[in-house]
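To start, the structure under review is shown below, and the notes come after it.
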Amino acid sequence: RKEVEQDPGPFNVPEGATVAFNCTYSNSASQSFFWYRQDCRKEPKLLMSVYSSGNEDGRFTAQLNRASQYISLLIRDSKLSDSATYLCVVNMAFTGGGADGLTFGKGTHLIIQP
Amino acid sequence: NAGVTQTPKFQVLKTGQSMTLQCAQDMNHNSMYWYRQDPGMGLRLIYYSASEGTTDKGEVPNGYNVSRLNKREFSLRLESAAPSQTSVYFCASSAGSGANVLTFGAGSRLTVL
(Lines give C-alpha, C1' and ligand atoms only; values in the text may rest on other atoms or scores of the structure.)
Protein backbone atom coordinates (compact mmCIF):
# COMPACT_ATOMS: atom_id res chain seq x y z
CA ARG A 1 0.00 0.00 0.00
CA LYS A 2 1.41 3.36 -1.03
CA GLU A 3 1.43 5.73 1.88
CA VAL A 4 2.97 9.05 2.70
CA GLU A 5 1.81 10.54 5.98
CA GLN A 6 2.01 14.13 7.15
CA ASP A 7 0.56 16.00 10.11
CA PRO A 8 -1.99 18.29 8.44
CA GLY A 9 -1.56 21.02 11.07
CA PRO A 10 -2.10 23.88 11.01
CA PHE A 11 1.17 24.82 12.62
CA ASN A 12 0.81 28.36 13.98
CA VAL A 13 4.28 29.82 14.46
CA PRO A 14 5.40 33.36 15.36
CA GLU A 15 7.53 35.18 12.85
CA GLY A 16 11.22 34.56 13.44
CA ALA A 17 10.74 31.19 15.09
CA THR A 18 12.08 27.85 13.91
CA VAL A 19 9.60 25.22 12.83
CA ALA A 20 10.06 21.63 11.80
CA PHE A 21 7.75 18.95 10.51
CA ASN A 22 8.17 15.38 9.45
CA CYS A 23 6.77 13.06 6.85
CA THR A 24 6.76 9.28 7.12
CA TYR A 25 6.68 6.89 4.19
CA SER A 26 5.78 3.23 4.06
CA ASN A 27 7.96 1.83 1.27
CA SER A 28 11.50 1.17 2.43
CA ALA A 29 12.61 0.84 -1.22
CA SER A 30 11.75 4.49 -1.96
CA GLN A 31 14.64 6.28 -3.59
CA SER A 32 13.65 9.88 -4.18
CA PHE A 33 12.22 12.43 -1.80
CA PHE A 34 11.06 15.99 -2.20
CA TRP A 35 9.37 18.88 -0.47
CA TYR A 36 6.97 20.97 -2.54
CA ARG A 37 5.34 24.18 -1.43
CA GLN A 38 1.77 25.06 -2.34
CA ASP A 39 0.28 28.48 -1.72
CA CYS A 40 -3.46 28.84 -1.30
CA ARG A 41 -5.26 28.20 -4.61
CA LYS A 42 -1.97 27.90 -6.48
CA GLU A 43 0.00 25.07 -8.01
CA PRO A 44 2.64 23.09 -6.09
CA LYS A 45 6.21 24.20 -6.67
CA LEU A 46 9.39 22.33 -5.86
CA LEU A 47 10.97 23.62 -2.67
CA MET A 48 13.85 21.20 -2.43
CA SER A 49 14.96 17.67 -3.10
CA VAL A 50 16.01 15.58 -0.11
CA TYR A 51 19.31 13.78 -0.40
CA SER A 52 20.66 10.99 1.77
CA SER A 53 23.24 13.34 3.22
CA GLY A 54 20.67 16.01 3.90
CA ASN A 55 20.66 19.38 2.21
CA GLU A 56 20.28 23.01 3.06
CA ASP A 57 19.02 25.94 1.04
CA GLY A 58 19.20 29.20 2.93
CA ARG A 59 16.79 28.99 5.86
CA PHE A 60 15.50 25.57 4.81
CA THR A 61 17.07 22.25 5.78
CA ALA A 62 15.82 18.85 4.69
CA GLN A 63 16.89 15.55 6.20
CA LEU A 64 16.27 11.91 5.34
CA ASN A 65 16.18 9.15 7.94
CA ARG A 66 16.03 5.86 6.07
CA ALA A 67 16.14 3.70 9.19
CA SER A 68 12.96 5.26 10.55
CA GLN A 69 11.52 6.01 7.10
CA TYR A 70 10.86 9.70 7.42
CA ILE A 71 11.99 12.97 5.95
CA SER A 72 11.96 16.30 7.72
CA LEU A 73 11.86 19.97 6.84
CA LEU A 74 13.28 22.64 9.12
CA ILE A 75 12.59 26.32 8.54
CA ARG A 76 14.70 28.80 10.49
CA ASP A 77 13.92 32.47 11.08
CA SER A 78 10.45 32.00 9.62
CA LYS A 79 8.94 34.78 7.51
CA LEU A 80 5.31 35.70 6.91
CA SER A 81 5.86 34.62 3.31
CA ASP A 82 6.62 31.07 4.46
CA SER A 83 2.92 30.59 5.19
CA ALA A 84 1.84 27.82 2.83
CA THR A 85 1.11 24.13 2.65
CA TYR A 86 4.19 21.92 2.45
CA LEU A 87 3.79 18.69 0.51
CA CYS A 88 5.99 15.69 1.12
CA VAL A 89 6.59 13.70 -2.07
CA VAL A 90 8.14 10.25 -2.29
CA ASN A 91 8.93 8.15 -5.32
CA MET A 92 7.74 4.66 -4.51
CA ALA A 93 8.26 3.15 -7.96
CA PHE A 94 10.11 -0.12 -7.88
CA THR A 95 11.53 0.39 -11.33
CA GLY A 96 12.18 3.28 -13.68
CA GLY A 97 11.88 5.92 -11.05
CA GLY A 98 9.89 8.20 -13.29
CA ALA A 99 7.54 10.76 -11.88
CA ASP A 100 4.61 8.37 -12.35
CA GLY A 101 5.85 6.70 -9.19
CA LEU A 102 5.52 9.84 -7.10
CA THR A 103 3.18 9.72 -4.12
CA PHE A 104 2.11 12.99 -2.54
CA GLY A 105 1.36 13.50 1.11
CA LYS A 106 -1.74 15.50 1.96
CA GLY A 107 0.37 18.41 3.14
CA THR A 108 1.17 20.29 6.32
CA HIS A 109 -0.40 23.73 6.63
CA LEU A 110 1.94 26.33 8.09
CA ILE A 111 0.81 29.76 9.28
CA ILE A 112 3.43 32.30 10.28
CA GLN A 113 1.96 34.92 12.59
CA PRO A 114 3.26 38.49 12.92
CA ASN B 1 8.43 32.20 -18.99
CA ALA B 2 5.32 30.12 -19.73
CA GLY B 3 6.34 26.66 -18.45
CA VAL B 4 3.10 24.66 -18.26
CA THR B 5 -0.11 26.32 -19.46
CA GLN B 6 -3.57 24.94 -18.70
CA THR B 7 -6.92 26.02 -20.03
CA PRO B 8 -9.56 26.75 -18.92
CA LYS B 9 -8.84 28.04 -15.43
CA PHE B 10 -12.45 27.65 -14.33
CA GLN B 11 -15.35 25.63 -15.69
CA VAL B 12 -18.84 24.75 -14.52
CA LEU B 13 -20.52 21.75 -16.09
CA LYS B 14 -23.83 20.00 -15.69
CA THR B 15 -23.89 16.28 -14.99
CA GLY B 16 -23.48 14.37 -18.24
CA GLN B 17 -21.77 17.14 -20.18
CA SER B 18 -18.36 16.60 -21.70
CA MET B 19 -15.32 18.81 -21.79
CA THR B 20 -11.60 18.77 -22.50
CA LEU B 21 -8.88 20.32 -20.38
CA GLN B 22 -5.91 21.45 -22.42
CA CYS B 23 -2.30 21.47 -21.32
CA ALA B 24 0.85 22.59 -23.11
CA GLN B 25 4.47 22.84 -22.00
CA ASP B 26 7.33 24.68 -23.64
CA MET B 27 10.24 23.10 -21.75
CA ASN B 28 10.80 20.24 -24.22
CA HIS B 29 9.86 17.78 -21.49
CA ASN B 30 9.21 14.18 -22.44
CA SER B 31 6.71 13.27 -19.73
CA MET B 32 3.38 14.85 -18.90
CA TYR B 33 0.83 14.16 -16.17
CA TRP B 34 -2.70 14.94 -15.07
CA TYR B 35 -3.50 15.09 -11.35
CA ARG B 36 -6.59 15.94 -9.40
CA GLN B 37 -6.52 17.54 -5.97
CA ASP B 38 -9.41 17.22 -3.56
CA PRO B 39 -9.65 18.50 0.02
CA GLY B 40 -8.15 15.99 2.43
CA MET B 41 -7.01 13.69 -0.39
CA GLY B 42 -3.79 15.17 -1.66
CA LEU B 43 -2.74 15.02 -5.30
CA ARG B 44 -3.72 11.85 -7.16
CA LEU B 45 -2.43 10.83 -10.56
CA ILE B 46 -5.13 10.36 -13.21
CA TYR B 47 -3.11 9.58 -16.34
CA TYR B 48 0.40 10.16 -17.53
CA SER B 49 2.37 10.08 -20.73
CA ALA B 50 5.97 9.00 -20.32
CA SER B 51 6.81 10.07 -23.86
CA GLU B 52 5.13 11.23 -27.03
CA GLY B 53 2.87 8.48 -28.34
CA THR B 54 2.33 6.70 -25.02
CA THR B 55 -0.24 7.10 -22.25
CA ASP B 56 -0.85 5.10 -19.09
CA LYS B 57 -3.37 5.00 -16.30
CA GLY B 58 -2.55 6.41 -12.93
CA GLU B 59 -4.27 5.90 -9.60
CA VAL B 60 -7.73 7.29 -10.51
CA PRO B 61 -8.34 6.97 -14.29
CA ASN B 62 -12.04 6.06 -14.32
CA GLY B 63 -14.21 8.58 -16.12
CA TYR B 64 -11.31 10.21 -17.95
CA ASN B 65 -9.50 9.87 -21.26
CA VAL B 66 -6.30 11.50 -22.41
CA SER B 67 -4.55 12.34 -25.64
CA ARG B 68 -0.86 13.11 -26.07
CA LEU B 69 -1.31 15.24 -29.16
CA ASN B 70 2.40 15.91 -29.64
CA LYS B 71 5.41 16.44 -27.41
CA ARG B 72 4.05 19.75 -26.13
CA GLU B 73 0.38 18.98 -25.56
CA PHE B 74 -1.51 16.57 -23.31
CA SER B 75 -5.27 16.86 -22.98
CA LEU B 76 -7.70 15.39 -20.45
CA ARG B 77 -11.27 14.64 -21.48
CA LEU B 78 -14.33 14.05 -19.34
CA GLU B 79 -16.85 12.28 -21.57
CA SER B 80 -19.80 12.40 -19.18
CA ALA B 81 -19.07 14.58 -16.18
CA ALA B 82 -20.23 13.51 -12.72
CA PRO B 83 -20.38 15.53 -9.49
CA SER B 84 -17.59 13.30 -8.12
CA GLN B 85 -15.30 14.87 -10.72
CA THR B 86 -15.61 18.27 -9.11
CA SER B 87 -12.00 19.02 -8.30
CA VAL B 88 -8.94 21.06 -9.09
CA TYR B 89 -6.99 19.55 -11.97
CA PHE B 90 -3.27 20.08 -12.41
CA CYS B 91 -1.22 19.29 -15.45
CA ALA B 92 2.50 18.74 -14.90
CA SER B 93 5.57 17.83 -16.89
CA SER B 94 8.99 16.40 -16.21
CA ALA B 95 12.09 15.76 -18.24
CA GLY B 96 11.26 12.05 -18.06
CA SER B 97 13.43 8.92 -18.06
CA GLY B 98 13.88 8.82 -14.32
CA ALA B 99 13.52 12.53 -13.74
CA ASN B 100 11.25 13.09 -10.80
CA VAL B 101 10.91 16.83 -10.57
CA LEU B 102 7.55 18.09 -11.72
CA THR B 103 6.60 21.49 -13.06
CA PHE B 104 2.90 22.18 -12.60
CA GLY B 105 0.45 24.32 -14.46
CA ALA B 106 -1.69 26.84 -12.56
CA GLY B 107 -4.63 24.46 -12.28
CA SER B 108 -8.16 24.19 -13.61
CA ARG B 109 -11.07 24.40 -11.18
CA LEU B 110 -13.95 22.26 -12.35
CA THR B 111 -17.39 22.16 -10.78
CA VAL B 112 -19.93 19.58 -11.90
CA LEU B 113 -23.51 20.33 -10.86
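Residue numbers start from 1 in every chain, and the chains themselves are labelled A, B, ... in the order their sequence lines are given, proteins ahead of strands.
A/Leu74 and A/Leu110 fall into different hydrophobic clusters, where Ile, Leu, Val, Met, Phe, Trp and Tyr residues are linked whenever their side-chain heavy atoms come under 4.5 Å apart, directly or through other members. In terms of hydrophobic clustering, with Ile, Leu, Val, Met, Phe, Trp and Tyr side chains grouped at heavy-atom distances under 4.5 Å, B/Phe10 and B/Leu78 are assigned to different clusters. Connection of B/Leu13 to B/Trp34 is established within a shared hydrophobic cluster, with ILVMFWY side chains joined at heavy-atom distances below 4.5 Å, either directly or through further cluster members. Cluster membership check: B/Tyr33 shares its hydrophobic cluster with B/Val101, using side-chain heavy-atom separations under 4.5 Å among Ile, Leu, Val, Met, Phe, Trp and Tyr. Under the 4.5 Å side-chain contact rule for hydrophobic residues, B/Tyr89 and B/Met19 share a cluster.
Put simply, CZ on B/Arg44 and OG1 on A/Thr103 are 12.5 Å apart, with the number rounded to the nearest 0.5 Å.
Of all residues in residues 40-54 of chain A, those placing a non-hydrogen atom less than 4.5 angstrom from a non-hydrogen atom of chain B are A/Arg41, A/Lys42, A/Glu43, A/Pro44, A/Leu46.
Minimum heavy-atom separation, A/Phe104 to B/Leu102: CZ-CD1, 3.9 Å. Residues A/Leu102 and B/Tyr35 come closest through the heavy atom pair CB-OH, 4.5 Å. Residues B/Met41 and A/Lys106 share a closest heavy-atom pair of C-CG, 4.0 Å.
With contacts defined as side-chain heavy-atom distances shorter than 4.5 Å, the pair A/Gln38/B/Phe90 qualifies.
For B/Arg109, the part lying under 4.5 angstrom from a heavy atom of chain A is the side chain only.
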